[in-house]
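As structure tokens, the structure follows; a few thoughts come after it.
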Amino acid sequence: MQNNVNATRMELLGLRKRVVLAGRGHHLLSEKRDEISRQLIKIARDIGPLRKMVEAELLETSRRFMLARATMEPEDTKAALEIATKKFSLAIKFTSIMSVKVPQLSKEMDGDIICYGFATTSGEMDVALLALERAFDNLIELAEKEKQAHLLATELQMTRRRVNVLEHVVIPELQETIKFIFSKLAEAERDNTSRLMKIADMIRA
Amino acid sequence: MTTIAEKSVLDFCLYPPVGEEDWRYAFASAQVKSLETFMLSKAVLQDMASASSFEEALDLLSASEYSSLQGKNLEQINEALLEKRKQVRSLFLDLAVDDGIAELLEARSDFANLRLALRRKLTENPIGVDYSEDGFVKALEFENVFEQENYSPLPIYMREAIEAAVLAYYQNKDIRQIDYAIDAEHFRYIIAKAIALKDDFLVGLFRMRADLTNIRTMLRLKYREAQELCGFVPGGYVDESVLKHCINLDYDSIRAMFFSTPYYELVEAGVNYLVSDKSFLKIEQQCDEHIGGYLSEGMMVTAGSQPVIAYLLLKESEIRKVRLILTAKKNLLDTKLILDRLGE
């Protein structure tokens with residue numbers, strides 16, 4: 001940067017303003033980084049147990065479902081499950097956490113999840129589907145929180161990089177340049193002074 | 001003297017009578033009795049269930065007629081088991097002297113196909129051609145019949161089932177009503193046909209199956225706390241009103257309601273398991289075992305349709321058990337769960 005800079009007083013004033021601005025930006029971004037970290041830790045704390053619960057519920061559901069499917073005739077399984085009666089819709093709206101747009105999911109479910117008769121189906125299928133229905137709420141909450149965590153983590157990474165760039169690259173470089181221009185201007189000032197003194201000596205002689 | 005069709009649940013101790021001998025089935029009975037010796041014993045199935053891995057469970061089948069399953073993956077095994085079931089059904093058709101009996105058991109696939117086709121048709125989905133080939137009506141015929149909405153090529157009992165299912169569906173456009181109507185028509189048909197064939201064994205079997213289906217339905221409705229008390233099938237020994245009354249009782253009282261029936265023990269075991277484990281494995285296992293017991297009694301008839309029918313149904317049950325164990329082992333399910341479903 002020092003090679004391309006014009007060592008002028010205007011430039012020096014401009015750079016000084018930029019250093020102040022960079023310092024203020026650094027301060028604000030540091031605060032943003034800290035707040036995002038706090039929010040992220042809060043969400044991550046909720047995700048751990050929620051994920052375990054959802055995994056356990058889904059494991060139980062799939063275990064029951066496998067048992068049911070293995071005990072039923074394949075054509076009965078196909079007939080029972082091919083056309084579902086449960087209608088499921090998911091609405092997404094966005095809220096802002098530290099100017100990061102994060103999704104909020106809300107579901108609407110209508111109809112009964114048991115979509116078949118009883119004579120040719122296994123009771124375990126009922127248990128599996130009812131367990132799956134119960135797992136939906138937690139599953140959606142988990143998806144929402146994981147997406148929020150993902151978006152916040154990306155934003156945190158970006159903010160941290162910006163803070164680091166300001167702290168370790170932009171501000172030191174600006175200060176170096178200011179120093180360089182200052183020394184150049186001082187040198188030019190000294191040149192000028194010595195030239196004037198020489199001229200004064202010549203006039204006096 | 002009351003006929004088997006008119007008997008009430010109090011007229012027998014554990015199983016309804018299996019019927020008389022029929023010497024037209026002498027050869028067929030002898031053949032299935034010899035084939036019965038190749039069936040997997042309970043000990044083999046339990047060893048498979050207790051095996052430490054899928055491969056070990058599969059190894060235990062190496063000395064049986066399922067040895068061809070060795071080295072196959074689960075999908076291939078399922079296909080091979082379906083092929084096996086097809087062979088058993090084909091053998092049954094060859095051995096059945098009465099065409100009526102063969103039609104009666106083929107009707108299971110017809111009703112399964114009908115259920116699938118009607119659900120697709122009434123919900124305006126493509127009819128498709130992926131139907132079971134084991135029925136009286138061939139899979140390809142289903143597409144034409146339902147595309148053209150010309151049901152006349154179908155047998156009368158299927159047309160009646162279609163009419164009942166369509167009427168039931170359009171009452172509140174609930175897809176489950178199709179299944180309820182078809183299940184009811186299925187049981188009505190098989191029991192009426194068995195009575196017409198004067199086959200006491202089949203009448204007893206179907207009426208008992210209607211009871212066991214209704215008991216499971218009652219427990220499933222109770223478990224779901226369902227408001228609509230529907231899905232029961234007609235023709236059982238136990239009156240439907242008793243089963244509907246049971247739904248409003250607590251689990252202890254349900255057992256007492258069956259005290260005077262042959263189903264007391266299975267209801268007790270099934271209800272206890274349902275309360276403790278929130279699962280229907282036990283009641284389903286007990287129902288299978290109860291029917292298995294009746295079929296075993298049928299196998300003891302020297303000559304008649306009973307051993308032939310019993311062999312078909314026992315073999316189908318065995319195939320389901322093999323599929324259950326191998327699926328469970330492949331998916332690392334608990335041995336206890338498998339044993340709970342298979343029975344001790």
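The structure presented is a predicted model; accordingly, all values stated were derived computationally and were not measured. Chain letters run A, B, ... following the sequence lines, proteins first and then strands; every chain starts at 1.
In this structure, the separation between CD1 on I338(B) and CG on L67(A) is 7.5 Å, given to the nearest 0.5 Å. Note that CG of D126(A) is 8.5 Å distant from OH of Y223(B), once rounded to the nearest 0.5 Å. The CG atom of L129(A) sits 10.0 Å away from the CZ atom of R224(B) when rounded to the nearest 0.5 Å. One distance of note links CG of L333(B) with CE of M66(A); it measures 5.0 Å at 0.5 Å rounding.
In the displayed structure, F182(A) atom CZ is contacted under 6.0 Å by at most 12 heavy atoms of other residues, nucleotides or ligands. Heavy-atom contacts from other residues, nucleotides or ligands closer than 6.0 Å to NZ of K42(A) number 12 or fewer. Within 6.0 Å of atom NZ in K179(A), 12 or fewer heavy atoms from other residues, nucleotides or ligands are found, so the atom counts as exposed in its surroundings. More than 12 heavy-atom neighbours from other residues, nucleotides or ligands sit within 6.0 angstrom of NZ on K86(A). More than 12 heavy atoms of other residues, nucleotides or ligands sit less than 6.0 Å from atom NZ of K78(A). By the neighbour-count criterion of 12 heavy atoms within 6.0 Å, atom CZ of R69(A) is sparsely surrounded, having that number or fewer from other residues, nucleotides or ligands. In the displayed structure, E35(A) atom CD is contacted under 6.0 Å by more than 12 heavy atoms of other residues, nucleotides or ligands.
E82(A) touches chain B through its side chain: at least one heavy atom from C-beta onward sits under 4.5 Å away, while N, CA, C and O do not. Contact of R216(B) with chain A is made through the side chain alone, with heavy-atom distances under 4.5 Å. Contacts of L274(B) with chain A are absent, with no heavy-atom separation under 4.5 Å from either backbone or side chain. In this structure, chain B has a heavy atom under 4.5 Å from the side chain of L130(A), while its backbone stays farther away. For L337(B), the part lying near chain A is the side chain, with the backbone staying farther off; criterion is any non-hydrogen pair under 4.5 Å. Contacts between R120(B) and chain A at a heavy-atom distance below 4.5 Å involve backbone atoms as well as side-chain atoms. If you measure heavy-atom distances from A80(A) to chain B, the contacts under 4.5 Å come from the backbone alone. Looking at T121(A), both its backbone and its side chain come within 4.5 Å of chain B, counting heavy atoms on both sides. The contact between D334(B) and chain A is made entirely by side chain atoms (from C-beta outward), counting heavy-atom distances below 4.5 Å.
Listed here is the closest heavy atom pair of A119(A) and V233(B): CB-CG1, 4.5 Å. Residues A79(A) and A112(B) share a closest heavy-atom pair of CB-O, 4.4 Å.
With contacts defined as side-chain heavy-atom distances shorter than 4.5 Å, the pair N78(B)/P74(A) does not qualify. In this structure, R341(B) and S122(A) have side chains that are not in contact, with every pair of non-hydrogen atoms separated by 4.5 Å or more.
Using a cutoff of 4.0 Å between basic side-chain nitrogens and carboxylate oxygens, R320(B) and E73(A) are scored as salt-bridged.
Judged purely by distance below 3.5 Å, without hydrogens or angles, the side chains of E75(A) and S109(B) never pair a donor atom with an acceptor atom. Remark: the R64(A) side chain and the S279(B) side chain contain an N/O donor-acceptor pair separated by less than 3.5 Å. Between the side chains of R108(B) and T120(A), no donor-acceptor pair of N or O atoms lies under 3.5 Å. For the residue pair E284(B) / T71(A), no side-chain donor-acceptor distance below 3.5 Å is found, with atom types taken as modelled.
In terms of heavy-atom pairs under 4.5 Å with chain A, the best-connected choice from K321(B), E316(B), R115(B), H186(B) is R115(B). Of the residues considered (L118(B), L221(B), T213(B), L324(B)), L324(B) shows the highest number of contacts with chain A, using heavy-atom pairs under 4.5 Å. Chain B forms more heavy-atom pairs under 4.5 Å with one residue of V127(A), D76(A), T85(A) than with any other, namely V127(A).
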What verdict does the side chain to side chain contact (heavy atoms under 4.5 Å, CB included) test give for R220(B) and I114(A), after you've listed the backbone C-alpha separation in whole Å, the side-chain angles of each residue and the deciding distance to 0.1 Å?
CA-CA 11 Å; R220(B) 288 165 75 176; I114(A) 310 290; 5.7 Å; no

Let me see the working for F118(A) and F232(B) under ring pair (Phe, Tyr, Trp, His ring centres under 6.0 Å), right down to the final yes or no.
CA-CA 8 Å; F118(A) 301 110; F232(B) 294 103; 8.0 Å; no

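Under the 3.5 Å distance criterion, the side-chain polar atoms of R323(B) are matched with a main-chain donor or acceptor of A70(A).
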